[in-house]
J.: 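This is the structure, below, for whatever I ask next.
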Number of protein chains: 4
Amino acid sequence: MRKTPRQARSRQMVDRIVAAGRDVLVSDGYDAFSTNRVAAAAGVSPGSVYQYFPDKAAIVDVVVDRYWDDVAEKVAAALADRIGTFGPAMVRDTADALIAALEDDPAVLRVVAEELPISRNRDRLTVLERRVRDLVATFLAARPETSHRPDPAVTAWVVVIALEQLAVRWVLDQPPVTRDQLVEEILALVSGYLSFGDR
Amino acid sequence: MRKTPRQARSRQMVDRIVAAGRDVLVSDGYDAFSTNRVAAAAGVSPGSVYQYFPDKAAIVDVVVDRYWDDVAEKVAAALADRIGTFGPAMVRDTADALIAALEDDPAVLRVVAEELPISRNRDRLTVLERRVRDLVATFLAARPETSHRPDPAVTAWVVVIALEQLAVRWVLDQPPVTRDQLVEEILALVSGYLSFGDR
Amino acid sequence: MRKTPRQARSRQMVDRIVAAGRDVLVSDGYDAFSTNRVAAAAGVSPGSVYQYFPDKAAIVDVVVDRYWDDVAEKVAAALADRIGTFGPAMVRDTADALIAALEDDPAVLRVVAEELPISRNRDRLTVLERRVRDLVATFLAARPETSHRPDPAVTAWVVVIALEQLAVRWVLDQPPVTRDQLVEEILALVSGYLSFGDR
Amino acid sequence: MRKTPRQARSRQMVDRIVAAGRDVLVSDGYDAFSTNRVAAAAGVSPGSVYQYFPDKAAIVDVVVDRYWDDVAEKVAAALADRIGTFGPAMVRDTADALIAALEDDPAVLRVVAEELPISRNRDRLTVLERRVRDLVATFLAARPETSHRPDPAVTAWVVVIALEQLAVRWVLDQPPVTRDQLVEEILALVSGYLSFGDR
DNA sequence: TATGAATGAGCATTCATTCAT
DNA sequence: CATGAATGAATGCTCATTCAT
């Protein structure tokens, strides 16, 4: 007749703390992020935080990790029903999925992308990178006859950076560009790049 | 019997403090950046710092501003003797100039781009933006007959973001891409993008 | 189906906790001595500790008490088969027995004598005191004809303090004095003192 | 017309903090000794403490050092006008001077001798040791014809420990021994020891 | 009984900022 | 102007103790 099984209770505490961490990050900013504030926001004592996290940095790390995992999951989900698309359509779909995922929580994106030491975000790109590598590969496979970029690894690196940064800046800076326009421009950028040298 | 006029002395103090700020930022990192440390590094008392800067943030702001001004100046200087180039050559020159400027002080670039809250970098892009706007305009002027990007403002926004981020990441992440490769890829990216839709 | 009667189980818990307390004291020192650590070392939950000890200090007290009881027991045992010796021989035997007892566990002696608030050691001397009182009495009884110390209680107090401290410091400070030398010096000190005024 | 010259002000702060440290140690005990409490007792902010002491331990060290310096000074002063005394008189004088010095501040003596990790007191004995070495040497010089302790270094070690501990315990434990009795017993102890073997 | 999650007061320390000199 | 001693709020973190299960 246990109300909260041991495992679940831990899980719940971690979740509460992470949620509170996210909130503090969003509303107070990274500089004002303190363990005491997180504890207060979680309705928990400072000591309790340390039963679940070894130190302050670990809380931030989990918040960031969860955010990017979330984004990756959304991108994967959005693309799941479109497998099989090729070339341009795939670019469009990927850009669209990424933008959509980033639009979901701009507040955290702002903190994560703009306030955090980049080191905390270092390993987050794996999923996007894999996706882009595939994208580049299938795109090129669809146009085997043409002359194009020589080194696929370099090409993927270029596309990842451009794609990611365009999506992030669009969400955060709200430039005078519509969402559809953005997707079209990304399509043009990537397509033009990948086919460059065609004749 | 005053050696230096008041104005000049102020200027000198500001310079000392900013230089010290830069050094502290580079060697200790943003987290360890403290007014006391800056004062010590400048050989000045903490109180004096507050005669020239309202608070700690203002010091960082000036360091960042000066850094980006410096970059802008270098880019402008590098391009000064190449005015009149068109299209692809201009893209190449711009990319090259930007990379060169960023390579000059990677230590500060690292702090500025990776550790600082991005808000501090907000207004830095004006020069680069103007330059890229010109670049886009002249490029398109060279190919007036072709169909290409519809909105020059949007196009410039896209190119700025991609160009800047590629140059920054290349300098900071040292990816397995040579400098020449990078310039070629940027050229391909921008040229492909700007001419996309040509036939 | 209870394996161990309640009483015995309590006893066992207390023993585990005290043993763990001793270990923590020895390996981590008094400053790092914490109830949680003791509980962990005992393989017991922190809550359980409080079923047997009212607070942290009580654990230390028992560790200390047991240590001194142990020493007292060893001294008594060592002297048991030498009852009947008189004067100098008895001094020598007592000194020897005490040194031997202290040598048995220098690690705990160090903590108990050097790190603990001495108040915790307050009542430990009873056995040694009684033994020394006897020693003084028999010594004097062996030389009834001579003039010597007037007040046996004071005399015993002096001898206890000197004897104990010499033995403890010798064990802990490892001075350049051999064990035999030490015993000889103690003998000289005590004998000289007790017979002082002889002619 | 400066009220407090720079040097003097520092000195004054250090003194205030050390005095507060002493008071906290005496009234709250070593376990409750905290930087915040010291700061409060000194009527100073916690931050100020750290302008004069690198950490908590440093405050304790200075308190202890000052205490023992003080004792050493008093002993030296008390003996200054008695130089030239020999043998028994010198023992009496030394014992008397030491007891007097320790009696002056039993509260601090209690903390220093009973609550502090002994390591903090390690180097304090130099003065007493030198004094005792001299004492032993002159004593023996006065009785060159007699047989006595073989190793002067060992002899001095024994006398230091006994003398110091007897004086300290007498002050702190208030045993049923008068001050004069104590001095007489110490004289008997030391004299008997040093002349032991005489005939 | 035994548990161990939760507590929260407390600690040592830092640092942006002020202000009397 | 320049100083730098002084501040004190705030920080990350610990640990003796409690109490619901």
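Fair warning: this is a prediction, and the values are worked out from it, not measured in the lab.
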J.: Per the side chain to side chain contact (heavy atoms under 4.5 Å, CB included) rule, which among V63(D), L116(D), V111(D), V38(D) passes with F33(D)?
T.: V38(D)
J.: Do nucleotides 14-19 of chain E as a string where each nucleotide becomes B, S or -: B if the base has a protein heavy atom under 4.0 Å, S if just the sugar-phosphate does, - if no protein is that close.
T.: BBBBB-
J.: From D105(D) CG over to R110(D) CZ, what is the distance, rounded to the nearest 0.5 angstrom?
T.: 11.5 Å
J.: Round to a whole Å and report the spacing from CZ of R11(B) to P of dC1(F).
T.: 15 Å
J.: Please report the distance, rounded to the nearest Å, between CD in Q51(B) and C1' in dA2(F).
T.: 6 Å
J.: Between Y52(A) (OH) and dC13(F) (C1'), how many Å, whole number?
T.: 17 Å
J.: Using side-chain heavy atoms (C-beta onward) and a distance below 4.5 Å, is V64(B) in contact with Y67(B)?
T.: no
J.: Could you state the atom-to-atom distance from CZ of F53(D) to P of dT13(E) in whole Å?
T.: 13 Å
J.: If we only count heavy atoms from C-beta on, is the V18(D) to Y52(D) side-chain gap below 4.5 Å?
T.: no
J.: In the strands shown, is dA12(E) matched to any nucleotide by a Watson-Crick or G-U wobble pair with both distances under 3.5 Å, and which?
T.: dT11(F)
J.: Check for a donor-acceptor pair, side chain of R22(B) on one end and backbone N or O of V108(B) on the other, with a separation under 3.5 Å.
T.: no
J.: Do side-chain atoms of D55(B) reach the backbone of A58(B) as a donor and acceptor pair under 3.5 angstrom?
T.: yes
J.: Name the pairing partner of dT21(F), where a pair is Watson-Crick or G-U wobble with both distances under 3.5 Å, or state none.
T.: dA2(E)
